[in-house]
Amino acid sequence: MTITLTVNGQEKVHMITPGAMLVDVLRSAGYTEVKKGCDTGSCGVCTVLLDGLPILSCSYLAAKADGHEITTIRGLEKEAAEFSEFLVGEGADQCGFCSPGLALTVMAMKKELKAPSDEEIKHYLAGNLCRCSGYEGQLRAIKKYLEACRG
Amino acid sequence: MDKHFNEVGKARPKIDGKGLVTGRPAYTDDLACGDALVVKIIRSPHAHARIVSVDMSDAQKVSGFVLALSSKDVKRIPFTRAGQGHPEPSPHDKFILDEYVRYVGDEVAIVAAIDEESAAEAARLVKVEYEVLDAVLDFEEAMDNPTVIHPEPEIHDMFPIGFEPKRNIAAAYAMEIGDVEKVLEASEVRIKASYHTQAQAHVALEPHTAYTYLDLHGRLNVITSTQNPFHTRRLLGQALDMPLRNIRIQKPRIGGGFGAKQHLHVEPYAALVTLKTGKPAKVVLSRKEVFEATFSRHQMRIDVGIGATRDGHIRAIDMHVLSNTGAYGEHALTVFMVGGSKTLPLYNKVEAVRFGGQIVYTNKVPAGAYRGYGAIQGNFALESAIDELAAKLGMDPVELRKKNMIAEGQTSEVFKIMGEGGEGVEMIVESCKLDYCVKRGCRLIDWLPSRLAYEVAPGRIRAKGMAIAMQGSGIPLIDMGSANLELQDDGFFKLHMGATDLGTGSDTILAQIAAEELGVDSDDIIVYASDTDHTPYDVGAYASSTTYVSGNAVIRAAQNMKKELCAAAAAKFSVDTDQVEFDGKELRTKDGSRTITLKELSFDVLYHDGLNMKTINASGSFSGEKSPPPYMAGFVEVEIDVETGKVDVLDYVAVVDCGTPINPQLARIQVEGGLLQGIGMALYEDVQYTENGHLRTNNLMHYKIPSREDVKKLTVEFAESYEPSGPFGAKSVGEIGIDTPLAAIANAIYNATGARIRELPLTPPKVLAAIREAAQS
């Protein structure tokens, strides 16, 4: 079957098998910034924005995304670059495999939550696992980033 | 001690950080070409079986099918998948494909097809007939079990490691200093207890992946998510019976390792398909496969005996270990030995010490290297037992440790006797700020021996516990690293090294070390690492070795480069080399009469000097004659719900002596990340099986790793310390963070409730049962 996806502003028709997951369709279309980590919607590395909201593309049927707008981290290159300054500033970008998914979720959180507390930040990002950092460095980076965005 | 560093000790951002956050293609599967054949591995559904037949006829009908291979199509060569030095201390007991399968997930056959869907379909249609055999699942019943897991005649060890496959023993070891029985007997106070540590899964977020192709010379190129490209080349050559010159291994970015990627799990299968078809191929494991068919931490039972005087002088330590290596003996002996060699020297004032035991085969997921590598298991047992001794003596556990622990300028006989797989090396500990770490940790956690536990609400107790730990910095006289530097026009340097950055930031750290020694900015060092064709040899990233071993190699390369630069300038100035100085920017004669900038020199030697033009390069190699241990004191504050047995970690205080932290931010994250993996293992991470040997925890919904909501607070500080043998005073920091949480949390639970739990993980049902039992007795 075919579906139409608008990925990072570019509309394209994709040939898919009916059961294909969105992550596989995106990766084989060259959007390798979308990572695949657990196959069960548990780790968050496959996060993309669907019409602006974070979803887990490894457990999202590609067919369901037909006609929708997908944003990967490369669609938010400027924001991601700004965020990366804070993450690398804390040394919290370790293996980097979770970073694109985390960055996208942080972008979504920034829109959704006003001045979130530490607990709210942790709760919003709870589905984005990281095995390298121990999370504390990420939290320090996220808080500094949100602070800087508020000016 | 030179404290005036320009690059060392600075929080330089990780050089690949921005690219990774913004999602540039970086990992193996991102780099695989679109037409790479997709390889799927058919895996055993039985814990132990003989393969009677493999029928590929239906699979071959799938459109897109390219190739299927079973053991009959592959040369039968025993090898080890463990990335370790040569000769390997692991038995050669694995075949790429075998007639027997020894655990659920073991490789049976492979298929390759033009895309994911047809490969998956073909794999599903491979029909395998098995003769199911009795399985050995309980490691305490493995030794001399009527079921022999490895009866095959070709398997062997590379040197004596106590290998007795007929008894299901992969390796065995024993050592004794003094007469332990006698000293224990003569001790006024004795402790004897048995501790159990569970298997733990690494859960690096990138699943194991390899991509292979033949280049225009017909050489096998392997892009793989590996921690040790050179060991991978050697082992792959062995397994495929290929000369090493025909293999090139490249490591791109790797999505976490922690020891998981110190092994060959995927490379042989992609390589086989490429060699047979001439086409590019890739293997990307699913998360289920990562759990079921790679490695986990060795499960252990550790029996500890301690003898002490009434006033708390520890006289003897006896440690007997039974370790479960699962279906294959990878890292069997070495992980086991580290259980003693990286714990026993902590208490170096003993009169007698004994360490020994067996590493047994079972029909379970094989065990392999995992951060902490035996030390974490040994630490849980020893540091729990030390607290048990303190309780028996009625002493503050901190005071007991202060009285007995190792200090700067001291040694331990254990260093010489036990290495990793053989003898160790004598070593005086030239940097050890453990005393400071303990003192500072007490202050940060507010340690009051009389108030280690108090009720904060009915049924909710807050309590503190602690443990100390040591690790090493590389494996002395066995592991080696090298680096090459080359001057480029415009005055910057290429740094080529075999060291393998697995996300820790070692490329950045090693560039800082090179820049410091050369006196230039780290921006002027361009790093290229981990490609067996283009970078010099390095053992790879394991055993806490990169900063210490590879870092020392980088320093030597930089020292040699300075000599070469001075020699080139001296030739220009027509003076002796020792008359020229280099400050990172300029080369000048000592009398100041002649100067040339590095930039000018770089253009001169490459463009302007006619017959004298040349490439200026320098290299350096390093292998350690010692393995200076980093030390840590870990203190925890927990809150225990005595109604449910749930334990929350409120704060974990880590005071670490890793010598000079070359990059403090990256060092801190190493400790924080290690702590959380340790806390996960202490509280809930547990590799569980069904009764017939199927892995129950084969996905991230059932195998729980800590999420960010599980972290309340981690407090990490570094002691001021300087290791004379390390690069700019550095020791290692990669593993030390993971070691203490197990015992510290168990000790805190004891301090809160009087319940001593000797079996990990400390799950609510176990804690609750222990509390009830303690209340009754």
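First the proteins, then the strands, lettered A, B, ... as listed; each starts at 1. Note that the coordinates shown come from a computational prediction; the quantities given were computed from them, not determined experimentally.
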Locate the shortest heavy-atom distance separating [X] from [Y]; write the atom from each residue and the value.
X       : Y       : value
D30(B)  : R27(A)  : OD1-NH2, 2.7 Å
E709(B) : A126(A) : OE1-CB, 3.4 Å
C95(A)  : G255(B) : SG-C, 3.4 Å
P207(B) : G37(A)  : CG-O, 3.9 Å
Y27(B)  : F97(A)  : OH-N, 3.0 Å
V88(A)  : P13(B)  : CG2-CB, 3.9 Å

Atom group of [X] that falls short of 4.5 Å from chain B, counting heavy atoms:
X       : answer
L87(A)  : side chain
S133(A) : both
Y31(A)  : neither
A103(A) : side chain
L76(A)  : neither
Q138(A) : side chain

Are [X] and [Y] packed together at the side-chain level, in the sense that at least one heavy-atom pair is separated by less than 4.5 angstrom?
X      : Y       : value
K18(B) : E85(A)  : yes
V45(A) : L205(B) : yes
T40(A) : K288(B) : no
E33(A) : R24(B)  : no

Of the backbone (N, CA, C, O) and the side chain (C-beta and beyond), which part of [X] lies under 4.5 Å from a heavy atom of chain A, both, or neither?
X       : result
K712(B) : backbone
D115(B) : neither
L700(B) : both
E206(B) : both

Inter-residue atom distance [X].[atom1] - [Y].[atom2], 0.5 Å rounding:
X       : Y       : atom1 : atom2 : answer
E117(B) : I16(A)  : CD    : CD1   : 10.0 Å
C132(A) : F258(B) : SG    : CZ    : 3.5 Å
K713(B) : D118(A) : NZ    : CG    : 12.0 Å

| request: Determine which residues belonging to residues 663-675 of chain B lie within contact range of chain A, meaning some heavy atom pair is under 4.5 Å apart, and list them by number or answer 'none'. | output: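 Within residues 663-675 of chain B, near chain A: Q665(B), L666(B), R668(B), I669(B), Q670(B), E672(B), G673(B).
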| message | What residues of residues 499-507 of chain B make heavy-atom contacts with chain A at a cutoff under 4.5 angstrom? | response |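 So the qualifying residues are L502(B), G503(B), T504(B).
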Max heavy-atom pair count under 4.5 Å with chain A, selected residue of [options]:
options                           : value
D16(B), I705(B), D710(B), N699(B) : I705(B)
L676(B), T508(B), V21(B)          : V21(B)
E116(B), M701(B), R12(B)          : M701(B)
S707(B), P706(B), S286(B), A26(B) : S707(B)

| So which of S99(A), C43(A), G41(A), G19(A) has the largest heavy-atom pair count under 4.5 angstrom toward chain B? |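 Between S99(A), C43(A), G41(A), G19(A), the count favours S99(A).
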| query | When heavy-atom pairs shorter than 4.5 Å are enumerated against chain B, which of C38(A), A20(A), G137(A) gives the highest number? | reply |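 It is C38(A).
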Does [X] use its side chain to pair, donor to acceptor, with the backbone of [Y] at less than 3.5 Å?
X       : Y       : result
R253(B) : G96(A)  : no
K14(B)  : G91(A)  : no
R131(A) : G257(B) : no
Y135(A) : V711(B) : no

| request: Indicate yes or no: does K36(A) engage D29(B) in a salt bridge with an N to O separation below 4.0 Å. | output: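 Salt bridge absent between K36(A) and D29(B).
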| request: Determine whether more than 12 heavy atoms belonging to other residues, nucleotides or ligands lie under 6.0 Å from atom NE2 of H68(A). | output: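 Counting neighbours around NE2 of H68(A), more than 12 heavy atoms of other residues, nucleotides or ligands fall under 6.0 Å, so yes.
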| Passing option when E136(A) is tested against T715(B), L714(B), V716(B) for side chain to side chain contact (heavy atoms under 4.5 Å, CB included) |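 So, applying the side chain to side chain contact (heavy atoms under 4.5 Å, CB included) to E136(A) and each of T715(B), L714(B), V716(B), only L714(B) qualifies.
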